[in-house]
Protein chains: 2
Amino acid sequence: MTVNNRKKYHHGDLRNALLEAGLGIIETDGVSGLSLRALAAKVGVSHTAPKNHFGSMKGLMTAIGAEGFRRFAAEMRAGLSTASSRMDKLRAAAEGYVRFAQAHPELFRIMFSPEYCDFKSEDVQSAAQDSYSVLVDISKGLDWDKADTPDAQWRTEIMLWSLVHGYATLLNSGQIDDDASGMPVPSIWEVFPEYSYRGEN
Amino acid sequence: MTVNNRKKYHHGDLRNALLEAGLGIIETDGVSGLSLRALAAKVGVSHTAPKNHFGSMKGLMTAIGAEGFRRFAAEMRAGLSTASSRMDKLRAAAEGYVRFAQAHPELFRIMFSPEYCDFKSEDVQSAAQDSYSVLVDISKGLDWDKADTPDAQWRTEIMLWSLVHGYATLLNSGQIDDDASGMPVPSIWEVFPEYSYRGEN
DNA sequence: AGACAAATCTTTCCAATGGAAATATTTTAG
DNA sequence: CTAAAATATTTCCATTGGAAAGATTTGTCT
């Protein structure tokens with residue numbers, strides 16, 4: 001069945017087109033620029049069309065957030081393959097995390113704001129879980145607390161995540177800036193405590 | 001001049017009354033429940049009254065955010081006086097940070113969201129600076145990287161802040177939860193790397 | 001005291017928004 | 001080929017932030 005891309009009466013792929021257009025609006029105008037009507041206008045449909053596809057504004061935001069998490073995971077994994085040592089992988093993932101947050105601050109904000117992105121959504125949950133699994137892999141074997149128990153592993157994951165996420169969030173909200181004496185903002189890597197992997201230092 | 005608290009024609013203290021009512025609405029109904037009209041109704045004035053006092057919705061949010069930072073600083077300082085050792089002070093401040101975030105999640109969100117709270121405001125800036133100074137004091141002398149330079153100090157501040165802020169943010173956004181095997185969420189203290197103060201371990 | 005200016009607050013109006021409800025159009029199924 | 005399901009539109013509504021102009025109170029200056 002050939003796809004007729006000329007003035008389809010039912011468009012054929014409205015949902016994806018809306019998603020794409022929504023992501024575009026967010027990049028250019030931010031979250032505040034995204035309305036059902038602006039989105040519909042950009043795609044050339046009525047303002048209730050997106051509502052049909054996503055149920056509500058929150059539904060749209062949730063779908064966008066899920067797509068955000070997929071791209072987020074990809075960004076973190078980007079440098080992972082070329083990294084040789086585990087420390088390099090840790091560095092690559094952490095830098096990917098921050099890089100994505102800085103490159104797409106509005107999308108990142110949606111992803112981590114429950115009032116926008118509904119975390120109970122299957123779509124979001126699986127995509128977010130996949131993102132998180134990157135951190136889990138990376139933190140496995142980190143000897144932060146010299147222990148090798150599930151308990152210690154769990155705490156290490158959360159510490160790692162908190163550290164990177166807090167850094168990215170504070171950067172994006174404009175809270176971190178050069179200090180009074182002109183000291184430059186340290187990179188995420190400089191902010192890390194001294195880590196090493198068990199048996200690899 | 002005695003204060004006539006009965007049906008003032010010009011109310012006398014509308015700005016503070018609006019602030020108080022606004023904080024109340026945020027506690028009970030969250031940010032989404034706060035509108036100029038709902039706020040005005042609660043105080044018994046027209047919906048343009050708050051606009052006169054705060055310029056705009058964002059102006060109102062900014063004023064609320066500033067008040068939030070003042071209460072935030074107080075919360076962090078609360079346990080500081082009774083703490084004897086510096087480690088206890090560190091613990092008290094960090095726990096105060098997280099406790100405030102969890103007790104007032106919506107207010108906390110406003111404080112750290114530039115789209116709500118305008119950080120260029122003098123009011124916000126001084127209050128936020130005062131909050132930050134708690135962390136600065138606490139992190140002074142922490143031997144994380146064994147150095148005693150302004151540079152290392154600056155990095156330590158940001159690490160400490162990122163860690164605590166990320167943890168609080170992830171908690172509030174519902175991202176951190178008991179893990180698959182039922183492992184409980186570690187406290188902020190358990191998430192901390194092994195810290196000590198120079199010459200005090 | 002009186003008058004003019006400044007502030008405070010209200011009334012009225014408007015455009016934009018998310019959403020509900022009903023209808024029209026196209027596709028699919030039997 | 002027809003009924004049912006899906007997709008999309010039109011129309012309507014309540015709510016919201018804000019602009020503009022007017023009313024009321026307070027302050028100041030002579």
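In what follows, every chain begins at residue 1, and chains take the letters A, B, ... in the order their sequences are listed.
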Problem set entry | L36(B) CG - dC9(C) C1' separation (whole Å) | 15 Å
For this session: To the nearest Å, give me how far apart CZ (F54(A)) and P (dG19(C)) are.
Result: 13 Å
Exercise. Atom CZ of R15(B) and atom P of dA7(C): how far apart are they, to the nearest Å?
Worked result: 15 Å
For this session: Return yes if some donor-acceptor pair links the side-chain N/O of S56(A) with the main-chain N/O of G59(A) below 3.5 Å, else return no.
Result: yes
Problem set entry | Residue whose nearest DNA chain C nucleotide is more 5′ - H53(B) or L34(A) | H53(B)
Problem set entry | Integer-rounded Å distance: dG18(C) C1' and K58(A) NZ | 15 Å
For this session: Verify the distance criterion only: is there a donor paired with an acceptor across the side chains of Q129(B) and Q125(B) at less than 3.5 Å?
Result: no
Problem set entry | Whole-Å gap separating P (dT7(D)) and CG (N16(A)) | 13 Å
Exercise. Does the pair R86(A)/D137(A) count as a salt bridge with the N-to-O cut at 4.0 Å?
Worked result: no
Problem set entry | Any donor-acceptor N or O pair under 3.5 Å, side chains Y132(A), Q175(B) | no
Seminar exercise, completed: D13(A) atom CG is separated from dT7(D) atom P, nearest whole Å, by 11 Å
Problem set entry | Rounded distance in Å - NZ (K51(A)) to C1' (dT11(D)) | 15 Å
Problem set entry | Sequence neighbours excluded, every pair satisfying side-chain hydrogen bond (donor to acceptor under 3.5 Å, both in side chains) that has a member inside residues 95-108 of chain A | E27(A)-H104(A), E75(A)-R99(A), Y97(A)-W161(A), Y97(A)-H165(A), E106(A)-R109(A)
Exercise. Can you tell me how far C1' of dG19(C) sits from CE of M61(A), to the nearest Å?
Worked result: 15 Å
Exercise. Where along residues 109-123 of chain B does a heavy atom come under 4.0 Å from DNA chain C, residue by residue in number order?
Worked result: none
Which pairs of donor and acceptor atoms, one on a side chain in residues 34-48 of chain B, lie under 3.5 Å apart (sequence neighbours left out)?
unit_1: S35(B); atom_1: OG; unit_2: A38(B); atom_2: N; d: 2.9
unit_1: S46(B); atom_1: OG; unit_2: T48(B); atom_2: OG1; d: 3.2

Exercise. Considering residues at least two apart in sequence or located in another chain, which fulfil the side-chain hydrogen bond (donor to acceptor under 3.5 Å, both in side chains) criterion with D130(A)?
Worked result: R77(A)
Exercise. Sequence neighbours excluded, which residues qualify as side chain to side chain contact (heavy atoms under 4.5 Å, CB included) partners of D29(B)?
Worked result: I25(B)
I'd like a list of close polar pairs between nucleotides 10-13 of chain C and the protein, N/O only, cut-off under 3.5 Å.
unit_1: dT10(C); atom_1: OP2; unit_2: S46(B); atom_2: N; d: 2.9
unit_1: dT10(C); atom_1: OP2; unit_2: S46(B); atom_2: OG; d: 2.9
unit_1: dT11(C); atom_1: O4; unit_2: T48(B); atom_2: OG1; d: 3.2

For this session: Could you tell me whether R155(B) and D179(A) make a salt bridge, using a distance below 4.0 angstrom between a side-chain N and a carboxylate O?
Result: no
